[in-house]
Structure formats: C-alpha cells, structure tokens
Amino acid sequence: MDDYGRELGAFLRSRRARVAPDSVGIVTGTRRRVPGLRREELAQLAGISVDYYVRLEQGRSTRPSAEILDAVARVLALDATEREHLRALAEGRRTRFSSRPRPERVRPELARLLEEMPGLPAIITGRRQDVLAWNRLGSELFGGLEEGRRDRNNARYLFLDARSRDTFPDWEQRARETAAVLRLAAGRYADDERLTELVGELSVKSDDFAAMWPAGDVMVCGSGRKRFRHAVVGELTLRYETLQLPDSGGQAGQELHVYSAEDDGARDGLQLLAGWTTPSREELPHRDATR
C-alpha cells in the first residue's frame with residue numbers, strides 16, 4: 001500500500017468515528033463500544049458493499065468512481081475541503097518533486113506588492129508553512145520575522161517555541177488549524193520529502209502536535225479573525241483574507257495572507273505598530289526567507 005492508501009484509510013476512519021449514529025437514523029444500545037459508525041453501517045447508508053468499503057478504507061481499492069466517493073462523503077457529512085482531500089487521496093493525485101525539491105521562492109512582483117501595502121500586515125507562506133516573504137508590519141505582528149527573532153516556519157514556531165503562546169492568545173485554535181492545513185498539504189504533496197520530514201519532526205518534538213495529528217482534520221483558512229498579542233500595542237483582533245497564489249515555475253502551494261482592522265481600536269493599534277516599526281533611515285529590508 002502506498003502513502004495515499006494509508007492516508008485514505010486513516011482519513012476515512014477518523015471521519016467515520018465522528019458521525020453520531022443517531023444523526024443518520026441508527027438507534028444504538030447502551031453496549032455499543034464503537035465510536036461513530038461501524039463499517040457495515042456506513043456501507044449500507046452509502047449503498048455500496050461492505051467488502052468494497054473495507055477495501056476502500058484499507059487503501060486497496062483502485063480508482064473508486066466519483067459516485068462512490070460522493071456517496072461516502074455524503075454519509076460522512078464532509079465539507080468541501082474534506083471532499084477534495086478525499087478525492088485527492090482516492091485518486092492518488094500528487095505533485096511530483098525531485099528527492100530534494102528546490103527551495104521555495106517568491107516572485108519579485110509579489111515581493112513588491114507586499115511593500116506597496118505598508119498599512120496592512122501581510123505575509124506569504126509556502127506549502128510547508130514557511131513564511132517566504134513579508135512586509136514590515138507583517139514581520140512585527142508575527143513575532144519578529146524580519147530580525148530572525150523566531151523560526152520562520154509557522155508550524156515550528158507554534159509547536160516548538162513557547163513564545164508563540166504569547167503571540168497568539170488563542171494558541172490551541174491556531175495550533176489545530178495549522179495541523180489541519182499541514183495534513184491537507186501532506187495529501188496534496190505526498191512526494192515532498194521536506195514536508196514529510198517536518199511532520200515527523202513535529203510528531204517527535206511536540207506532544208501537542210502528536211496528539212492533534214491523528215485527528216485527521218483538514219482545513220483551508222480562507223478568511224476570518226485572529227487575535228494577536230504584541231509587547232508594544234497589546235492585543236489586536238484583526239480580519240484576515242487568504243489568497244491562493246497560482247503555481248508559477250513549480251512554486252506550488254503559496255498563499256498571500258493580508259490582515260486588516262475592523263474597528264477603531266484595532267485600527268489605532270495597527271497605526272501605533274506602523275509608527276513603531278517605521279525605520280529611521282531609508283533601508284531595503286530582507287524579504288525572502290527561502291528555505
């Protein structure tokens with residue numbers, strides 16, 4: 001069984017375990033020991049044979065039809081991101097890389113775009129959660145990217161640096177989101193050795209990550225709110241928008257994250273932070289954290 005087969009089985013088991021039997025009309029007794037649905041129950045609800053579903057969950061079925069995947073997704077109540085992840089795993093889709101893929105880089109046009117929005121914190125991340133580029137406000141908001149005061153990989157910073165709990169008041173929520181984003185990337189880029197190494201490193205070095213990873217959650221953080229804590233301006237609650245950047249020259253999976261204030265308090269805080277980070281002399285700051 002290849003990596004996709006193992007991932008498919010683990011993902012289906014994790015989603016099956018979260019479905020309450022009574023939510024799909026199954027009456028259970030007090031002696032039930034299985035969390036969520038049994039395999040045979042899911043197969044019956046999806047209209048497929050138990051044997052076929054078992055092979056699907058074991059990663060032994062080849063190229064299940066779209067109809068079967070849709071039926072399973074319906075019973076499991078998967079959201080759009082989870083459905084896409086299921087299809088990618090079931091179809092063995094992957095972006096192929098060499099054994100040691102080349103470093104991720106940001107196009108100069110995108111780096112200039114960051115510079116042209118000095119009043120809005122902004123960063124660009126790669127598929128492994130490396131922060132590849134930033135503007136001055138983005139650097140300071142995320143704990144000192146510019147000066148190298150923190151690891152420029154968001155996942156390592158969150159799970160291996162205790163200071164991240166000060167930067168992010170909602171640390172556990174941020175950590176679970178990051179684990180889910182990494183798992184989605186691991187499904188899309190199974191051939192990326194450095195991504196696999198990162199997951200392994202976090203699993204060994206962080207008890208929190210090791211506990212969150214088996215949940216099997218996948219997520220795209222497209223928009224919403226995040227809370228930050230900064231030593232100078234205190235707490236800030238900001239809106240964020242995440243833009244998926246097109247693959248350019250093999251640089252797949254890059255995202256642009258832009259933060260903005262939605263009330264006067266946050267707006268005042270950003271203005272204070274902008275004034276505090278404005279350089280006293282003309283300089284060209286480093287903008288590419290190539291890994």
Side-chain angles (χ1 to χ4, degrees), residues 3 6-19 35-36 78-79 81-82 85 89 104 121 123-132 134 138-145 148-190 192-231 234-238 240 242 253 255 257 259 289 291:
D3 291 340
R6 286 189 290 269
E7 283 291 321
L8 174 62
F11 182 64
L12 287 172
R13 287 190 294 273
S14 71
R15 301 307 87 178
R16 179 165 58 85
R18 73 178 185 179
V19 179
L78 303 187
D79 63 24
T81 300
E82 291 170 327
H85 187 61
L89 294 176
E104 293 183 275
I123 63 173
I124 293 175
T125 58
R127 59 183 173 273
R128 308 180 197 108
Q129 289 300 295
D130 294 316
V131 186
L132 304 173
W134 54 84
S139 167
E140 195 59 40
L141 186 66
F142 277 84
L145 295 164
R149 299 201 307 266
R150 48 150 287 189
D151 195 303
R152 288 172 181 158
N153 180 280
N154 275 339
R156 285 196 190 93
Y157 177 60
L158 271 166
F159 287 103
L160 303 181
D161 190 333
R163 295 174 298 175
S164 67
R165 297 174 185 265
D166 293 326
T167 302
F168 300 103
D170 304 313
W171 182 89
E172 184 170 352
Q173 181 181 354
R174 298 283 81 79
R176 291 190 181 280
E177 288 175 354
T178 299
V181 169
L182 271 182
R183 182 171 279 281
L184 184 64
R188 290 177 175 173
Y189 310 108
D192 189 331
E193 270 192 18
R194 289 178 179 171
L195 178 56
T196 302
E197 290 169 359
L198 173 62
V199 171
E201 177 188 0
L202 296 176
S203 298
V204 170
K205 295 182 179 179
S206 169
D207 291 340
D208 291 303
F209 184 84
M212 294 175 184
W213 185 253
D217 294 334
V218 291
M219 181 182 298
V220 172
C221 296
S223 63
R225 293 179 179 84
K226 286 185 181 179
R227 284 202 302 156
F228 297 83
R229 184 182 295 118
H230 190 274
E235 283 197 12
L236 291 173
T237 299
L238 302 176
Y240 71 88
T242 298
E255 297 179 336
H257 312 265
Y259 294 80
R291 298 188 67 88

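Remember, predicted model here, so these are calculated numbers, not experimental data. Numbering starts at 1 and runs along the sequence shown.
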Electrostatic pair [X]-[Y], nearest N-O below 4.0 angstrom:
{"X": "Arg15", "Y": "Asp217", "answer": "yes"}
{"X": "Arg194", "Y": "Asp192", "answer": "no"}
{"X": "Glu140", "Y": "Arg149", "answer": "yes"}

Looking at [atom1] of [X] and [atom2] of [Y], how far apart are the two atoms once the value is rounded to the nearest 0.5 Å?
{"X": "His257", "Y": "Thr242", "atom1": "NE2", "atom2": "OG1", "result": "5.0 Å"}
{"X": "Leu12", "Y": "Leu89", "atom1": "CG", "atom2": "CG", "result": "8.5 Å"}
{"X": "Asp130", "Y": "Thr125", "atom1": "CG", "atom2": "OG1", "result": "9.0 Å"}
{"X": "Glu172", "Y": "Leu158", "atom1": "CD", "atom2": "CG", "result": "12.0 Å"}
{"X": "Arg127", "Y": "Arg188", "atom1": "CZ", "atom2": "CZ", "result": "12.0 Å"}

Quick check: do [X] and [Y] have side-chain heavy atoms less than 4.5 Å from each other?
{"X": "Arg183", "Y": "Trp213", "result": "yes"}
{"X": "Asn154", "Y": "Ile123", "result": "yes"}
{"X": "Tyr240", "Y": "Cys221", "result": "yes"}
{"X": "His230", "Y": "Leu236", "result": "no"}

What pair of heavy atoms forms the shortest contact from [X] to [Y], and how long is it?
{"X": "Ala210", "Y": "Ser203", "answer": "CB-O, 3.6 Å"}
{"X": "Gln129", "Y": "Ala155", "answer": "CB-N, 4.1 Å"}
{"X": "Val181", "Y": "Met219", "answer": "CG2-O, 3.5 Å"}
{"X": "Ala179", "Y": "Phe209", "answer": "CB-CE1, 4.1 Å"}
{"X": "His85", "Y": "Leu184", "answer": "ND1-CD1, 3.7 Å"}
{"X": "Trp134", "Y": "Leu145", "answer": "CZ2-O, 3.9 Å"}

(request) For salt bridge (charged side-chain N to carboxylate O under 4.0 Å, His left out), just list the numbers for Arg152 and Glu104, CA-CA rounded to whole Å, side-chain angles, deciding distance to a tenth of an Å, and then say yes or no. (result) CA-CA 13 Å; Arg152 288 172 181 158; Glu104 293 183 275; over 6 Å; no

(message) Using the ring centroid of each side chain, check whether Phe228 and Tyr259 are separated by less than 6.0 Å.
(response) yes

(request) Using salt bridge (Lys or Arg N to Asp or Glu O under 4.0 Å) as the criterion, point out the one residue from Lys226, Arg176, Arg227, Arg165 that pairs with Asp170. (result) Arg227

Quick one: does [X]'s side chain have a donor or acceptor within less than 3.5 Å of a partner on [Y]'s backbone?
{"X": "Asp79", "Y": "Thr81", "result": "yes"}
{"X": "Arg229", "Y": "Asp166", "result": "yes"}
{"X": "Arg150", "Y": "Phe142", "result": "yes"}

(request) Please test Arg225 against Leu238 for side-chain contact (heavy atoms from CB on, under 4.5 Å), starting from the C-alpha separation and ending with a verdict. (result) CA-CA 6 Å; Arg225 293 179 179 84; Leu238 302 176; over 6 Å; no

(request) Let me know which of Leu182, Leu195, Thr196 forms a side chain to side chain contact (heavy atoms under 4.5 Å, CB included) with Arg128. (result) Leu195

(message) Going by side chain to side chain contact (heavy atoms under 4.5 Å, CB included), Phe159 matches just one of Asn153, Thr178, Asp207. Which one?
(response) Thr178

(request) For side-chain contact (heavy atoms from CB on, under 4.5 Å), just list the numbers for Val131 and Ile124, CA-CA rounded to whole Å, side-chain angles, deciding distance to a tenth of an Å, and then say yes or no. (result) CA-CA 6 Å; Val131 186; Ile124 293 175; over 6 Å; no

(message) Against the six-membered ring of Phe168, is Arg174 placed for a cation-pi contact (under 6.0 Å from the centre, within 45° of the normal)?
(response) no

(message) My understanding is that only residues two or more places apart in sequence, or in another chain, count here; which of them pass side chain to side chain donor-acceptor pair (under 3.5 Å) with Glu255?
(response) Gln244

